2 protein chains.
Amino acid sequence: MTPAALASVCYCAALRKATRRVTAIYDRALDKHGISLAQYSLLRTIRRRGPISLTELAAVMELDRSTIGRNVRVVEKAGWVRPADSLDQREAAIALTENGAELLLRAYADWAATQDAIAAKLGAGGAEALLEVLAGL
Amino acid sequence: MTPAALASVCYCAALRKATRRVTAIYDRALDKHGISLAQYSLLRTIRRRGPISLTELAAVMELDRSTIGRNVRVVEKAGWVRPADSLDQREAAIALTENGAELLLRAYADWAATQDAIAAKLGAGGAEALLEVLAGL
DNA sequence: CTAGGTTGCGGGTATATGCCCTCATAATGC
DNA sequence: GCATTATGAGGGCATATACCCGCAACCTAG
């Protein structure tokens, strides 16, 4: 049997299914703050990388530039992100607002609790192992 | 340090990023057949589960019913899927067409090669381990 | 200092995804 | 047998995602 025949389960389909499942868990935990996991992740990245251009943000998050543009538009409309100054007139640099920073603080406990729940489900060492495997993909 | 503080990397964000990356790899491999990984996976499930209702298909794939409805509409328009008979008048049962079955056969080699490439990247035992971990999520 | 290439974004288009509401059909209780 | 409940789809709405194209601003050769 070839390896592929052995693995009749598609790695990609399995990844996608697990991602949907896990995303739903985080989304439910963050729902009371009016934010999705994708948005929480976006804001966290913006907080860490300070004022940042859309292109650089896209590179960091490995998302298409246009995707970043649209996603940022949503959190900007919500008041969590604002345009930031930039020397390059082409650049649309953005930064976290006070409201955005406060939201991240408010939501942190729920995010962390979910992290712990996932880690517990993965068992001892499983969480680190998962992150390592995912990073290798 | 709490477990959450240790794991400053969000499991969900890591999963989502890896899934985007891997999906892009499969999508590129399947592109010459005019099909995406998501569609390939959908067709494969329809082939295996024979004529099936949208609700059952949604349950099997763990997707929202409305999502399945839309995704099926796309592959149906492409001629890979057709409506099937059903006793329940409410049900929209569907089945693979000849074209759909042939497409799956044509695309198989490229899918399998991608599977092997991913397995190689994961190393010995890594692939099985990944599937096991994902199934546990 | 201008011409041409480069880079940064936005918009158009399409799929993928989920939630909610509505409608039609089935099943069930009385 | 009819009223109520349950089930199956579909449509509206919103976000997430990618690709391509065009425009504007930069930058660099000459």
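Keep in mind the model is a prediction, meaning the values are calculated, not measured. Each chain gets a letter, A, B and so on, in the order its sequence line appears, and its residues count up from 1.
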Worksheet item: Base, sugar-phosphate, or nothing: which does B/Thr55 touch, judged by heavy atoms less than 4.0 Å apart?
Response: sugar-phosphate
Worksheet item: So what does B/Arg28 hit on the nucleic acid, given a heavy-atom distance under 4.0 Å: a base, only sugar-phosphate, or nothing?
Response: nothing
Discussion item. With no hydrogens and no angle check, just 3.5 Å: does a side-chain donor-acceptor pair link B/Asp64 and B/Ser66?
Written reply: yes
Worksheet item: Is the closest side-chain donor-acceptor distance between A/Asn99 and A/Thr97 under 3.5 Å?
Response: no
Calculate the interatomic distance between [X] atom [atom1] and [N] atom [atom2]; express it in whole Å.
X: A/Asp31; N: D/dT15; atom1: CG; atom2: P; result: 14 Å
X: A/Arg16; N: D/dA16; atom1: CZ; atom2: C1'; result: 11 Å
X: A/Lys77; N: D/dA16; atom1: NZ; atom2: P; result: 13 Å
X: B/Leu63; N: D/dG8; atom1: CG; atom2: P; result: 17 Å
X: A/Asp88; N: D/dA24; atom1: CG; atom2: C1'; result: 11 Å
X: A/Lys17; N: C/dA16; atom1: NZ; atom2: P; result: 16 Å
X: A/Ile94; N: C/dG8; atom1: CD1; atom2: C1'; result: 14 Å
X: A/Leu54; N: D/dA18; atom1: CG; atom2: P; result: 15 Å

Response to the item:
On DNA chain D, more 5' by nearest nucleotide between A/Gln89 and A/Asn71 is A/Asn71
Worksheet item: When the nearest nucleotide of DNA chain D is assigned to A/Glu62 and to A/Leu87 on a heavy-atom basis, which residue is associated with the more 5' position?
Response: A/Glu62
Item to complete: With B/Arg47 as the cation and B/Trp80 as the aromatic partner, state whether NZ or CZ is under 6.0 Å from the six-membered ring centre and within 45° of the axis.
Response: no
Worksheet item: Taking only side-chain nitrogens and oxygens of B/Arg20, does any of them come within less than 4.0 Å of OP1 or OP2 of D/dA16?
Response: no
Practice prompt. Please answer whether the main-chain N or O of A/Leu63 pairs with a side-chain N or O of A/Thr67 as donor and acceptor at a distance below 3.5 Å.
Written response: no
Worksheet item: Does a side-chain N-to-carboxylate-O contact under 4.0 Å join A/Arg21 and B/Glu62?
Response: yes
Worksheet item: Taking the side chain of B/Val74 as its heavy atoms from C-beta onward, which of C/dC9, C/dA24, C/dT15 lies nearest to it?
Response: C/dT15
Discussion item. Quick check: on DNA chain C, is the nucleotide nearest A/Glu56 upstream (toward 5') of the one nearest B/Arg65, or the reverse? Name the residue that is more 5'.
Written reply: A/Glu56
Item to complete: Report the residue (B/Arg90 or B/Ser36) whose heavy-atom-nearest nucleotide on DNA chain C is the more 5′ of the two.
Response: B/Ser36
Discussion item. B/Asp110 and side chain to side chain donor-acceptor pair (under 3.5 Å): which single residue from B/Gln115, B/Lys32, B/Arg28 fits?
Written reply: B/Lys32
Show each protein N/O and nucleotides 11-14 of chain C N/O combination with a separation under 3.5 Å, one pair to a line.
residue	atom	partner	partner atom	Å
C/dG11	OP2	A/Arg73	NH2	3.0
C/dG12	O6	A/Arg70	NH2	2.3

Worksheet item: At their closest point, which heavy atom of A/Ser8 faces which heavy atom of B/Trp111, and how far apart are they?
Response: O-CH2, 4.1 Å
